[in-house]
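Heavy atoms only: backbone and side chains are in, while hydrogens, waters and symmetry mates are out.
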Amino acid sequence: DRIAAEAAAMIAPKQVVMIGSGSTVWHAARHIASGCQHVTAITNDHHVAAALCDGPTLQIISLGGRLHATERYTWGPQAIEELSRYRANWAIIGASGLDVLGVHDIDDHAAGIYRRMVRQSVRVAIVADSTKFDVPALARIANWSEIDLLITDAAPKGPLAAALAANDVDVVHPQAS
């Protein structure tokens with residue numbers, strides 16, 4: 001939950017944020033709903049949209065497209081086209097794996113949506129715990145050169161840490177209080 005709280009804390013009033021899907025991202029949406037004011041949130045995830053509904057001053061844009069029946073997120077050309085109409089201050093995206101090549105997801109449909117979020121956002125934050133370090137996954141979301149911030153629970157080490165440093169990715173790992 002510390003990762004999610006840190007992600008929400010970077011969102012300022014009147015900003016636009018694109019929010020992906022997944023459990024860490026859902027927790028970030030809960031923190032955005034309870035702690036952010038006058039933010040526009042764009043998401044393809046029904047669970048994330050529902051969590052954002054608890055924020056009385058938030059404007060929520062829920063993307064259309066094909067619905068992934070078990071995961072409850074939209075994907076496909078309609079969702080990607082809708083994303084291309086918007087510009088965001090931030091994208092907050094989860095990941096199935098992080099390695100020296102970049103950020104990856106096990107679901108190629110989700111990865112396509114996240115790639116568009118990266119392109120449409122001024123800054124990009126990845127929220128992922130350290131169990132995702134050095135884990136390859138099916139579809140690349142972004143190279144490290146496209147990412148601004150990694151919020152995680154531990155400092156990366158070895159080749160992953162070197163790749164992040166070489167690409168000027170800020171790493172934040174909030175400590176337990």
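A single hydrophobic cluster is not seen to contain both Val39 and Leu83; linkage of ILVMFWY side chains at heavy-atom distances under 4.5 Å, directly or through other members, places them apart. Leu149 and Phe133 fall into different hydrophobic clusters, where Ile, Leu, Val, Met, Phe, Trp and Tyr residues are linked whenever their side-chain heavy atoms come under 4.5 Å apart, directly or through other members.
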Using the rule given for side-chain contact (heavy atoms from CB on, under 4.5 Å), can you reason through Leu150 versus Leu98, listing the C-alpha separation, both sets of side-chain angles and the distance that settles it, and then say yes or no? CA-CA 10 Å; Leu150 170 62; Leu98 309 172; 3.9 Å; yes
Please determine whether side-chain contact (heavy atoms from CB on, under 4.5 Å) holds for the pair Ile11 and Ile92, giving the CA-CA distance in whole Å, both sets of side-chain angles, and the decisive distance to 0.1 Å. CA-CA 10 Å; Ile11 307 300; Ile92 299 175; 4.2 Å; yes
So His31 and Asp1, side-chain contact (heavy atoms from CB on, under 4.5 Å) or not? Walk me through it. CA-CA 9 Å; His31 284 279; Asp1 212 35; 3.2 Å; yes
Passes side-chain contact (heavy atoms from CB on, under 4.5 Å), Thr152 versus Lys132? Steps please. CA-CA 10 Å; Thr152 187; Lys132 310 294 176 27; over 6 Å; no
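Between atom CD of residue Glu6 and atom NE2 of residue His173 there is a gap of 10.5 Å, rounded to the nearest 0.5 Å. Atom-to-atom distance recorded for Ile151:CD1 and Asp129:CG is 13.0 Å, nearest 0.5 angstrom. Distance check, rounded to the nearest 0.5 Å: CG of Asp148 to CE of Met10 gives 9.5 Å. Between the NE2 atom in His109 and the OH atom in Tyr73 there is a gap of 6.5 Å [rounded to 0.5 Å].
Between the side chains of Ser145 and Asn143, no donor-acceptor pair of N or O atoms lies under 3.5 Å. Side chains of Tyr114 and Ser21: a donor on one and an acceptor on the other come within 3.5 Å.
Looking at heavy atoms from C-beta onward, Ile19 lies out of side-chain contact with Ile42 at the 4.5 angstrom threshold. Using a 4.5 Å cut-off on side-chain heavy atoms (C-beta onward), Ile3 and Asp153 make contact. Inter-residue side-chain proximity for Val171 and Pro156 is flagged as met; some heavy-atom pair is nearer than 4.5 Å. Residues Leu138 and Asp107 fail the side-chain proximity criterion, which asks for heavy atoms closer than 4.5 Å. Proximity of Ile93 to Val118: side-chain heavy atoms (C-beta onward) are separated by under 4.5 Å at one or more points. Using a 4.5 Å cut-off on side-chain heavy atoms (C-beta onward), Ile113 and Ile80 make contact. By the 4.5 Å heavy-atom criterion applied to side chains, Met18 and Trp90 are not counted as neighbours. Counting only heavy atoms from C-beta outward, the side chains of Val103 and Trp144 approach each other to under 4.5 Å.
Judged by distance alone, with hydrogens and angles left aside, the side-chain atoms of Asp99 form a donor-acceptor pair with the main-chain N or O of Gly102 at under 3.5 Å.
Nearest heavy atoms, Ala51 versus Arg30: CB-CG, 3.9 Å. Shortest non-hydrogen contact noted between Leu67 and Trp75 is C-NE1, 4.2 Å. The two residues Ala29 and Val48 come nearest to each other via the heavy atoms CB-CG1, 3.7 Å. Taking all atoms of both residues into account, the shortest heavy-atom contact from Ala8 to Cys36 is O-SG, 3.5 Å. Taking both residues in full, the closest heavy atoms of Ala111 and Ala139 are given as CB-CB, 3.6 Å, listed atom of the first, atom of the second, then distance. What you find for Ala28 and Ala7 is that their closest heavy atoms are CB-CB, 4.2 Å.
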Report, one line per pair, each donor and acceptor closer than 3.5 Å where one atom sits in a side chain of residues 119-127; sequence neighbours left out.
from	atom 1	to	atom 2	distance (Å)
Gln120	NE2	Ser84	O	3.4
Gln120	NE2	Tyr86	O	2.8
Ser121	OG	Met117	O	2.8

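In the hydrophobic clustering (ILVMFWY side chains linked at under 4.5 Å, chained through shared members), Val100 is joined by Leu101.
Surrounding CD1 of Ile106 are at most 12 heavy atoms belonging to other residues, nucleotides or ligands under 6.0 Å away.
Looking at Val17, Leu52, Thr40 one by one, the single match for side-chain contact (heavy atoms from CB on, under 4.5 Å) with Leu58 turns out to be Leu52.
With respect to the salt-bridge test (charged N to carboxylate O, under 4.0 angstrom), the residues Asp105 and Arg140 do not qualify.
Within the structure, side-chain hydrogen bond (donor to acceptor under 3.5 Å, both in side chains) contacts touching residues 44-70 (residues at least two apart or in different chains) are Gln37-Thr57, His68-Thr70.
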